[in-house]
There are 2 protein chains.
Amino acid sequence: MGNVIAMSRNSAAAATLSPSQLASAKARILEAAAEMFRTHGYDVSMEAVAAAANVSKQTLYNQFGSKEELFKAMIAERGAAMRAPLKAHALVRHPRDMLTDVARQYYTHACSPHEIGYYRMIIGASQQFPEIGAAYYEAGPKEMLEELSNWIAREERLGRLDTGGDSKLAAEHFLGLITAQIEARGLLGVGTEMQPTEIERRARYCAEVFMRAFGPESLLR
Amino acid sequence: MGNVIAMSRNSAAAATLSPSQLASAKARILEAAAEMFRTHGYDVSMEAVAAAANVSKQTLYNQFGSKEELFKAMIAERGAAMRAPLKAHALVRHPRDMLTDVARQYYTHACSPHEIGYYRMIIGASQQFPEIGAAYYEAGPKEMLEELSNWIAREERLGRLDTGGDSKLAAEHFLGLITAQIEARGLLGVGTEMQPTEIERRARYCAEVFMRAFGPESLLR
DNA sequence: TCAGTTTTGGACTGAGAAGTCCAAACGACC
DNA sequence: GGTCGTTTGGACTTCTCAGTCCAAAACTGA
């Protein structure tokens, strides 16, 4: 933990600093807190968080009045980083390609051990702080479901999919196909990280199954 | 919870006792521990467990040497209660009916708030005790997946399903279709308990989607 | 250089919980 | 009724952790 120079909270003075000191104290704390909460759950001690952030306990308490406050601030900040899983996908592509891509993205990001650890922490915390589970659901799965559902409805209007009108349930099912046990295994700690070829295989398979179930005859095979 | 007779640990002597004393101390403790751990996570105090079991702290420690031991004993006992989700299903039925039934069972049992609470607890504990997550997976999801996969393979041999040979992945996908977001919502505490009609709707839908994707042409519609 | 602010380390308080100990009460069995 | 093992309550020890306090050091801006 050798260090050289410390920085004030507000200025961006240039100097040779260790990476962990580049950001402001607040940002550093949030980052460290995210990591510690993710890997140890809500039970990490504030001491440990302070140490990880390379900051004194007092500074930690100056920035965030309490553990709960820190935790919620961390959640709020991280929430923003989780969005837009589906943006920038045009309508012009074949539904199968689009779906494959969504699955691929999901596997590489949302199902990574890192993200699963975060998810596990949220699940644990949502017992103690129900509003956190709700907020996570709103910002994460729910938003993704809505985007997916809207996309499906659009494709249906174009005659390229046929879900019998229930695009919402179809979207849930597609997400279900993707996560199918992968998430569960990760949450229980028996997850083996997927190799790229496995990701590719599963992503294609998901899209294929979905298309078989919901594609119009013309696209079937 | 009216009761009549109480038992000593070893004998079955009859007497008028309070309801909570009907079972042996050990059994009562395990039951209370399951409930407390389920609703409060691993963080419940041993005091609270003892109180819930209507037993002194010392007796608790006489039966189970430590909190960890109690926790694991409780898991081991509950594990047995979770099996056999799929047994006793004959091969004679139409695959669609079988699948609908599986989904129905899953919704009524595995997705109940009670079971979800238990699942959440296991997830939380599997961070602290990785072997617990693994044990749960082996006894629960994995076993169910294997049964399902074997059934699918059999149906495939009979020409009533066609998964292209990957019955294991197909089984995972079917489970994925069932849980699709239901479990996630439950874990995050935003789950609204499903009404019977909703269960029925979803169960049928799951089976329908699976059949569309994996049923042979003759069964398609 | 100097005044004002922030950070730091470290000691401290208070609460809660794991686990132990013990004397008294209880229950089972003879 | 008497004996032996168990249960009980409750006091007790030890630990960990959230959160506070404070005096000394470091940094900032002028």
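Quick caveat: nothing in here was measured; it's all calculated off a predicted structure.
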_B:Ser56 side chain near D:dG9 phosphate (N/O to OP1/OP2, under 4.0 Å)_ = no

_Is the terminal nitrogen or CZ of B:Lys26 (NZ for Lys, CZ for Arg) located under 6.0 angstrom from the six-membered ring centre of B:Phe64 and within 45° of that ring's axis?_
yes

_Distance, rounded to the nearest Å, where A:His40 contributes NE2 and D:dT16 contributes P_ = 15 Å

*Is the distance between the ring centroids of A:Tyr205 and B:His173 less than 6.0 Å?*
yes

*Using a cut-off of 6.0 Å, state whether more than 12 heavy atoms not belonging to A:Glu193 lie near its atom CD.*
no

*How long is the line joining CG of A:Leu60 and C1' of C:dT6, in whole Å?*
15 Å

Give every pair of a protein N or O atom and an N or O atom of nucleotides 17-21 of chain D that lie under 3.5 Å apart, one pair per line with the distance.
| from | atom 1 | to | atom 2 | distance (Å) |
| --- | --- | --- | --- | --- |
| D:dA18 | OP1 | A:Val44 | O | 3.3 |
| D:dA18 | OP1 | A:Lys67 | NZ | 2.6 |
| D:dA18 | OP2 | A:Met46 | N | 2.8 |
| D:dG19 | OP2 | A:Tyr61 | OH | 3.4 |
| D:dG19 | OP2 | A:Lys67 | N | 2.9 |
| D:dG19 | N7 | A:Lys57 | NZ | 3.0 |
| D:dG19 | O6 | A:Lys57 | NZ | 2.7 |
| D:dC21 | N4 | A:Gln58 | OE1 | 2.5 |

*Flag if over 12 foreign heavy atoms under 6.0 Å of NZ, A:Lys168*: no

*Do the rings of A:Phe71 and A:Phe37 sit parallel, tilted or perpendicular, given the 30° and 60° boundaries?*
perpendicular

*Taking atom P of C:dA17 as reference, at what distance in whole Å does atom CG of B:Leu70 sit?*
16 Å

*Between CG of B:Leu187 and OH of A:Tyr137, what distance do you get to the nearest 0.5 Å?*
12.0 Å

